Amino acid sequence: YIDTEFLEDFDDGTKIKGGYTLGNNVITKGSGIGAKLGLIYRPIHELRLGVAYHTPVVYSLTESYDAYLDDDMGAYIADPDYEKGVTSSARFSNYYDLRTPSKWVFSAASVLGSNFILSADYELTDYRNMKLKVPAGASNQSFYDYDNQYISEDFKVTSTLRLGAEYRFNQQLSARLGYAWMQNPFNSDFVSDGNPGVSGSNTIFRIEGDSNYYTAGLGYRFTKEFYVDLAMVYQTQKDDLYPFPNVYNDAGNLSIDAAPFELKNNSVRGIITLGYKF
């Protein structure tokens, strides 16, 4: 469910003279099917190697759109037939199939002694093989051909790296450290062209950058069944924000440069988990 609104008021320097509200509601429902296959190999007692393949998930989806415009611009429109406070709206539904990216996961874990564990995961996700389709049996099977062409051109194969370590001080207390790097899925040409896609009443165009996660945690086991975990996550990310897409002339040359500005996202989250193992 997505609900966005853009509001704008106009004034003459002393009071508000009118304005409007542009809103969009999108509700998506559906179901999908996919599979995860994997193998684990232990060449020696202290080392475990793994590989897994996540198939694309094929979804059958229904989206309902509701767009509306509430305006009160009578003070600025010199038209005797203008009716203040009019609400204009449109509503329609769309049915389509979506195939998500496939993924390969390579992992390794080592147990050193009885107290120390090291682990590493490396993922490859091919966003280029995402696909949109009209439902089987429907007319105009080529409806999403252009969208699928843009997907294959604007997206890329991305990497995700996760590293972790855990040390157990005794039977009750353990500590964990971790790091993760998630690469953004956009092709470099797509980013440099400054043509991010956007819809609805959003007034900013955003291209997300790579994400870095730094984690730390403590775990304490009161009994064999009852335990508590405390975790902290520090995330950093740099995004490009555009006031509008770049504008190109008929010859394909840049005529208006959107000149994106940089947004730095830093956040800290804490999680406390109380568990009971049956």
Side-chain angles (χ1 to χ4, degrees), residues 1-4 34 36 38 40 42 45-54 57 100-127 155-186 191 196 202 204-241 260-278:
Y1 178 78
I2 300 175
D3 184 8
T4 62
K36 298 178 181 179
I40 296 177
R42 187 168 66 181
H45 178 75
E46 294 80 8
L47 180 63
R48 291 171 176 83
L49 303 176
V51 60
Y53 176 69
H54 298 185
V57 179
T100 65
S102 59
K103 181 187 298 184
W104 283 96
V105 183
F106 305 92
S107 60
S110 178
V111 180
L112 304 177
S114 59
N115 297 333
F116 194 40
I117 299 175
L118 291 173
S119 64
D121 290 332
Y122 179 69
E123 296 180 3
L124 284 173
T125 305
D126 190 355
Y127 286 93
F155 290 85
K156 65 183 180 182
V157 179
T158 65
S159 298
T160 298
L161 176 65
R162 297 185 180 92
L163 303 174
E166 178 176 343
Y167 184 78
R168 186 170 62 181
F169 297 96
N170 51 49
Q171 293 296 325
Q172 285 75 40
L173 181 63
S174 60
R176 306 177 187 93
L177 292 174
Y179 169 75
W181 169 66
M182 301 181 66
Q183 190 179 22
N184 79 80
F186 305 111
V191 176
N202 294 312
I204 199 73
F205 301 84
R206 176 179 177 180
I207 295 183
E208 296 182 351
D210 297 351
S211 297
N212 292 275
Y213 298 86
Y214 304 87
T215 64
L218 288 173
Y220 188 82
R221 186 172 295 276
F222 297 96
T223 66
K224 185 177 180 181
E225 297 82 12
F226 182 53
Y227 64 90
V228 60
D229 280 328
L230 171 64
M232 300 295 293
V233 181
Y234 175 61
Q235 178 188 358
T236 65
Q237 181 175 309
K238 293 181 181 180
D239 302 335
D240 288 332
L241 298 185
F261 54 93
E262 187 178 87
L263 173 65
K264 294 182 179 180
N265 294 312
N266 298 322
S267 65
V268 178
R269 289 173 291 172
I271 302 173
I272 297 178
T273 303
L274 293 174
Y276 187 87
K277 188 175 182 181
F278 294 95

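Treat the numbers as computed from the prediction; the structure is a model and nothing was measured.
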What are the two closest heavy atoms between Asn266 and Gln237, and how far apart are they?
OD1-N, 4.4 Å
Taking only residues two or more places apart in sequence, or in another chain, which ones meet Asn115 in a side chain to side chain contact (heavy atoms under 4.5 Å, CB included)?
Tyr167, Arg168
Rounded to the nearest 0.5 Å, how far apart are CD of Glu166 and CZ of Phe116?
10.0 Å
Please report the shortest heavy-atom distance between His45 and Arg42, naming the atom on each side.
O-CD, 3.8 Å
Keeping to residues at least two apart or across chains, list the salt bridge (charged side-chain N to carboxylate O under 4.0 Å, His left out) pairs with something in residues 219-232.
Arg176-Asp229
In this structure, CD of Glu46 is separated from CG of Leu118 (nearest 0.5 Å) by 12.5 Å
Atom CH2 in Trp181, atom CZ in Arg162: separation rounded to 0.5 Å?
12.0 Å
Other residues, nucleotides, ligands: >12 heavy atoms within 6.0 Å of Ile272 CD1
no
Parallel, tilted or perpendicular, judged at 30° and 60°: which one describes the rings of Phe222 and Tyr220?
perpendicular
Closest heavy-atom pair and its distance - Thr223, Phe226
OG1-N, 3.0 Å
Would you say the side chain of Leu124 lies within less than 4.5 Å of the side chain of Ser159, judging by non-hydrogen atoms?
yes
Looking only at non-hydrogen atoms, find the nearest pair between Met182 and Thr160 and report the distance.
CG-CG2, 3.9 Å
Residues pairing under salt bridge (charged side-chain N to carboxylate O under 4.0 Å, His left out) where one sits in residues 230-239, two or more places apart or in two chains, turn out to be Arg206-Asp239
Validation row: Ser107, Asp121 side chains within 4.5 angstrom (heavy atoms):
yes
What distance separates Asp240 CG from Phe261 CZ, expressed to the nearest 0.5 Å?
10.0 Å
Which pair of heavy atoms, one from Leu163 and one from Ala120, lies closest together, and at what distance?
CD2-CB, 3.7 Å
How long is the span from the CD1 atom in Ile40 to the CG atom in Leu49, to the nearest 0.5 Å?
10.0 Å
Among Leu161, Thr158, Thr125, which one satisfies side chain to side chain contact (heavy atoms under 4.5 Å, CB included) with Gln183?
Thr158
Within the structure provided, determine whether Met232 and Val268 are in side-chain contact (heavy-atom separation under 4.5 Å).
yes
Heavy-atom pair with the smallest gap, counting every atom of Leu177 and Ala216
CD2-CB, 3.8 Å
State yes or no: are the ring centers of Tyr213 and Tyr179 separated by less than 6.0 Å?
no
